[in-house]
Visitor: 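Sharing a structure, written as structure tokens. Questions coming.
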Number of protein chains: 2
Amino acid sequence: MGRGKIEIKRIENSTNRQVTYSKRRAGIVKKAKELTVLCDAQVSLLMVSSTDKLHEYVSPTTTHKTVYDKYQQESGSDLWQPHYEKMQGTLKKLKETNNKLRKEIRQRNGEDLDELSFQQLCGLEQNMEKSVECVRNRKFHVITTSSDTFKKKIKNHEETQSSLLREFEERDADFRFPSLDYEGDYQSNIGFANGNPQIFAFRVQPKLQSNLQDEEPYGSYGLSLA
Amino acid sequence: MGRGKIEIKRIENSTNRQVTYSKRRAGIVKKAKELTVLCDAQVSLLMVSSTDKLHEYVSPTTTHKTVYDKYQQESGSDLWQPHYEKMQGTLKKLKETNNKLRKEIRQRNGEDLDELSFQQLCGLEQNMEKSVECVRNRKFHVITTSSDTFKKKIKNHEETQSSLLREFEERDADFRFPSLDYEGDYQSNIGFANGNPQIFAFRVQPKLQSNLQDEEPYGSYGLSLA
DNA sequence: TCGTCTATTTATAACGG
DNA sequence: TCCGTTATAAATAGACG
């Protein structure tokens, strides 16, 4: 190879080692290229130097991955494949579950009932009637609670305004018109707050329904309302 | 390299190509070994011949996988990672969809209604009432169709048996007992077939319900019936 | 299809700028 | 540290058995 036979043994001088590494690396890469062209072979060559730098050569007809995959295939040491297959299995199961759930929803929505037997239809009907009752109860609970909250809010306003009124009256007894204006508002609010809850509910509902478009539609209910 | 300068160009004679491949492969492997020892390097060398055979060399201090992992890390061209992440993303989405669907089912089952607004509850109730009507209609359709089918079957039996009876009577007028036996069955069947459909339905239903355990329970209806 | 032998080419260690 | 040069070892194409 050069001036005098060299012995194949670790080069202790690290500078020389690096120089030799560079030269010989080039040599191997050249050989690999020649092998690729001459013999129509596919070579994947990866080299890590003692300074932990990586150098490579791949035949232009392929990639490291392709060659490495072939190696894994041959050696049977593919650790990725089982993991991948497991994931795909999970994916498939989830999709199936999803489809079943969608179907159940469609059936609970009165569609896709063809394949249900008479008994199943009976069960479904019974269950839905029970469920709609739950919804109705919950609805009642919500509207009751929300009118209570409204009442409290109004009562709060009432108190704030009456104290404001008092303040105005105390501070400036000469001003009558502003006082009267406030008194007007005060009265109408009182009337509203003390109204029959039943009637109050009717008054609130249309206002809420007018906002329905702006609310995010929940699931398919939004569609089914249209 | 040998007797006369060789040109680096594909060897067309496939036998020679293989011979050259073997010789040069040995040469590269030798070089790789020398690099490993001399320069304290780690080499992963994979070669695929034109006849699709794989040969390899790895430095004894490492493995192909280790070196390949380093290559992936350095080059950032990990082809598995994006795929893996994509799969995990799909998995996550499917799980979320699943949960949403389950929640919708629970809500259509009258549970988990706490976070629904009054408007949403109204929509849900309305939708469920519409849906239960669909189920009811379907149920009616099924029971009607199935009693029609039953009627036809029975009518068939009736005809078969009456023709049998006729045959018996015509063939052997002396045999009275068998005739009477058949007549008995015949009568009871007729009675059954001509029964009020309403009553017929009642007769069938208990029989079908007793088979309910054997039927595959559909989704959660099986549970909700219990 | 092999291994072995050589005439040559190639690779490269050591050195010098 | 990075060229180029050079003497020499190694690699190897082609031949032969």
Side-chain angles (χ1 to χ4, degrees), chain A residues 1-62 64 67-68 70-71 73-75, chain B residues 1-62 64 67-68 70-71 73-75:
Chain A
M1 288 176 172
R3 290 170 183 269
K5 183 175 173 180
I6 71 135
E7 146 182 54
I8 304 297
K9 189 178 167 183
R10 185 175 193 267
I11 299 168
E12 292 303 332
N13 178 313
S14 82
T15 305
N16 284 347
R17 199 195 310 135
Q18 274 312 110
V19 172
T20 301
Y21 174 75
S22 296
K23 285 187 176 182
R24 279 177 173 260
R25 172 161 52 75
I28 290 193
V29 168
K30 191 181 175 192
K31 293 274 178 202
K33 282 180 183 171
E34 290 176 354
L35 194 73
T36 301
V37 177
L38 277 173
C39 307
D40 207 21
Q42 297 177 314
V43 182
S44 161
L45 174 64
L46 295 171
M47 292 164 292
V48 183
S49 76
S50 60
T51 55
D52 211 41
K53 286 218 166 92
L54 186 129
H55 297 89
E56 51 156 331
Y57 170 77
V58 222
S59 306
T61 48
T62 188
H64 289 298
V67 181
Y68 184 68
K70 188 176 173 65
Y71 160 72
Q73 197 186 329
E74 301 257 330
S75 69
Chain B
M1 292 177 172
R3 288 172 184 268
K5 182 176 175 180
I6 72 136
E7 144 182 56
I8 304 298
K9 187 179 171 185
R10 185 174 192 269
I11 298 167
E12 293 302 333
N13 179 314
S14 80
T15 305
N16 285 345
R17 199 194 309 136
Q18 275 311 112
V19 171
T20 300
Y21 175 75
S22 296
K23 284 187 176 182
R24 279 174 170 263
R25 172 159 52 76
I28 289 192
V29 168
K30 192 179 174 192
K31 293 277 179 203
K33 282 178 181 171
E34 290 176 356
L35 194 72
T36 301
V37 176
L38 277 173
C39 307
D40 207 21
Q42 298 178 312
V43 182
S44 161
L45 173 63
L46 294 171
M47 292 165 290
V48 184
S49 74
S50 61
T51 55
D52 210 41
K53 286 215 166 94
L54 186 130
H55 296 90
E56 50 156 332
Y57 171 77
V58 223
S59 306
T61 49
T62 188
H64 289 297
V67 181
Y68 183 69
K70 187 175 174 61
Y71 158 72
Q73 195 187 330
E74 300 258 330
S75 67

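A, B, ... follow the sequence lines: proteins, then strands. Residue 1 opens every chain.
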Visitor: Can you name the closest pair of heavy atoms from L38(B) and K9(A) and give their distance?
Guide: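 The pair with the smallest heavy-atom distance is CD2-O, 3.2 Å.
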Visitor: Starting at atom CD1 of I28(A), determine the distance to atom P of dA11(C), rounded to an integer number of angstrom.
Guide: 12 Å
Visitor: Figure out the CZ/P separation between R17(B) and dT12(D), and round it to whole Å.
Guide: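 The answer, rounded to whole Å, is 18 Å.
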Visitor: At less than 4.0 Å, is any side-chain N or O atom of K30(A) found next to OP1 or OP2 of dT10(C)? Yes or no.
Guide: no
Visitor: Does the side chain of K31(B) get closer than 4.0 angstrom to OP1 or OP2 of dT12(C) through an N or O atom?
Guide: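 Yes.
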Visitor: I'd like to know if K23(B) reaches the base of dA13(D) with its side chain such that a donor and an acceptor end up less than 3.5 angstrom apart.
Guide: yes
Visitor: Can you confirm if the aromatic rings of H64(A) and Y68(B) lie within a centre distance of less than 6.0 Å?
Guide: no
Visitor: Does the side chain of S50(B) come under 3.5 Å of the side chain of Q18(B) through a donor N or O and an acceptor N or O?
Guide: yes
Visitor: Would you indicate which nucleotide in dT1(C), dA11(D), dT1(D) comes nearest to any side-chain atom of T15(A)?
Guide: dT1(D)
Visitor: Side chains of T51(B) and S49(B) only: does a donor on one sit below 3.5 Å from an acceptor on the other?
Guide: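 Note: T51(B) and S49(B) side chains meet the donor-acceptor criterion.
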Visitor: Going by an N to O cut-off under 4.0 Å, is there a salt bridge joining E12(A) and R10(A)?
Guide: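 Salt bridge: yes.
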Visitor: Taking CG from L35(A) and P from dA11(D), how many angstroms apart are they, rounded to a whole number?
Guide: 15 Å
Visitor: From the set dA10(D), dA13(D), dT9(C), return the single nucleotide nearest to any side-chain atom of K5(B).
Guide: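 Nucleotide nearest to K5(B)'s side chain: dT9(C).
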Visitor: Check the distance between dT1(C)'s P and N16(B)'s CG and give it to me in whole angstrom.
Guide: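 After rounding, the reported distance stands at 11 Å.
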Visitor: Which nucleotide, dT12(C), dA13(D), dA11(D), lies nearest any side-chain atom of R24(A)?
Guide: dT12(C)
Visitor: Send over the distance from R25(A) CZ to dT12(C) P, rounded to a whole Å.
Guide: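 Rounding to the nearest Å, CZ of R25(A) and P of dT12(C) are 12 Å apart.
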Visitor: Would you mind reading off the distance between Y21(A) atom OH and dT1(D) atom P, rounded to a whole angstrom?
Guide: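 Nearest whole value for this atom pair: 15 Å.
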Visitor: In whole angstroms, how far is the C1' atom of dA10(D) from the NZ atom of K33(B)?
Guide: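 Going from K33(B) (NZ) to dA10(D) (C1'), I get 16 Å.
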Visitor: Could you check how far CG of L38(A) sits from C1' of dA13(D), rounded to whole Å?
Guide: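 Nearest whole value for this atom pair: 10 Å.
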